[in-house]
Every structure is written in structure tokens, then in C-alpha cells.
Amino acid sequence: MHELSICQSMLRVVDGAMKAHEGSKLLRIFADVGRGSTVEPQLLREAFDVLVTGGPYEGAELVINDIPLAGRCRSCGRAFEYREIALGCPACGSASVDIESGLELSVRELEIDD
């Protein structure tokens with residue numbers, strides 16, 4: 001369950017932002033999680049709940065923006081969204097594809113009460 005260590009890293013980002021903006025209470029974290037990032041959103045939520053319970057961020061909400069894994073084939077030019085992990089273009093089978101989204105894993109925004 002690498003989601004626990006990922007969530008710890010996210011909270012270090014939050015710590016820095018809270019200090020920089022002198023926020024008193026964290027309300028929400030908005031995170032982008034791509035389907036190709038190998039992070040399971042439900043496990044990330046569970047790790048978040050465990051880590052914030054009893055701490056300075058207790059009561060904060062983790063809002064996950066689920067980003068589909070999408071690409072474009074260099075051979076036939078077709079844009080597509082992967083429904084499952086695959087290596088090639090679903091239209092022509094070419095392995096020459098560019099991944100356009102779905103590998104993201106980032107804290108996009110924080111909602112802080114001053």
C-alpha cells in the first residue's frame with residue numbers, strides 16, 4: 001500500500017503551504033490522480049483519513065479528481081481513452097502512442113480557512 005507514503009508526501013506539501021500562507025485550518029485538498037499513476041483513490045482516501053485523525057488537519061476533506069488514461073496513436077492519429085492498462089492503440093494496434101493524460105499525481109489546490 002504505497003498510498004500511505006504518497007499521502008504522507010501530500011501532507012508535507014500541505015504543511016509547507018499552510019506555513020507559507022499562515023493558514024489556521026485546512027478545509028480541503030484537491031488532488032489530481034491519473035488512472036495510470038498506479039494509485040488507488042479509495043486507498044488514498046483511507047490513508048488520508050488515518051493520517052489526519054487526531055492531528056492538525058482532522059476534519060479536512062480529500063477531493064480526488066479522477067483523470068482518465070488517454071493517448072493518441074502516432075500511426076493512425078486516433079485519440080483514445082484506455083479502459084484498462086494496455087500498450088497499443090485500440091484501433092490499429094500500433095505500439096507507437098503518446099500518453100496525453102492519466103499519469104498525474106499532484107496536489108492541485110488547497111482550501112484553507114485563514
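The chain is numbered in sequence order, starting from 1.
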Would you check if Leu11 and Ile29 make a side-chain contact, meaning some heavy-atom pair closer than 4.5 Å?
yes
Enter the distance from Met10:CE to Leu44:CG here, rounded to the nearest 0.5 Å.
5.0 Å
Side chain to side chain contact (heavy atoms under 4.5 Å, CB included) against Arg12, all qualifying residues, sequence neighbours excluded
Gln8, Ser9
With Tyr57, which residues qualify under ring pair (Phe, Tyr, Trp, His ring centres under 6.0 Å), at least two apart?
none
Taking all non-hydrogen atoms of both residues into account, name the closest pair between Cys76 and Cys89 and its distance.
SG-SG, 3.8 Å
Taking the side chain from Tyr82 and the backbone from Gly88, do they hold a donor-acceptor pair closer than 3.5 Å?
yes
Partner residues of Glu58 under the side-chain hydrogen bond (donor to acceptor under 3.5 Å, both in side chains) criterion, sequence neighbours left out:
none
What distance separates Glu81 CD from Glu100 CD, expressed to the nearest 0.5 Å?
11.5 Å
Using 0.5 Å steps for rounding, measure from the CG atom of Leu43 to the SG atom of Cys7.
11.0 Å
Measure the CG-CD1 distance between Asp32 and Ile67 for me, rounded to the nearest 0.5 Å.
4.0 Å
Grab the two heavy atoms, one from Leu103 and one from Gly36, that are nearest each other, plus how far apart they are.
CD2-O, 3.6 Å
Looking at Gly34, is its backbone amide N or carbonyl O close enough to the side chain of Ser101 to form a donor-acceptor pair, meaning the two atoms are under 3.5 Å apart?
no
Running the 4.5 Å side-chain criterion over Ile, Leu, Val, Met, Phe, Trp and Tyr, what cluster does Val63 land in, apart from itself?
Phe30
Could you state the interatomic distance from CD1 (Ile64) to CZ (Arg45), rounded to the nearest 0.5 Å?
4.0 Å
Rounded distance (nearest 0.5 Å) linking atom CZ of Phe80 with atom CG of Leu69
8.0 Å
Is Gln42 atom CD crowded by more than 12 heavy atoms from other residues, nucleotides or ligands, each under 6.0 Å away?
yes
Without swapping roles, check the side chain of Glu40 against the backbone of Glu3 for a donor-acceptor pair under 3.5 Å.
no
Locate the shortest heavy-atom distance separating Glu104 from Ser37; write the atom from each residue and the value.
O-CB, 3.5 Å
Are any non-hydrogen side-chain atoms of Leu51 and Leu4 less than 4.5 angstrom apart?
yes
Kindly write out the residues that satisfy side-chain hydrogen bond (donor to acceptor under 3.5 Å, both in side chains) with Ser75, not counting sequence neighbours, or none if the list is empty.
Ser94
Judged by atom type as modelled, is there a donor-acceptor pair below 3.5 Å linking the side chain of His21 to the main-chain atoms of Ile112?
no
Could you pull out all residues at least two apart from Asp66 that satisfy salt bridge (Lys or Arg N to Asp or Glu O under 4.0 Å)?
Arg35
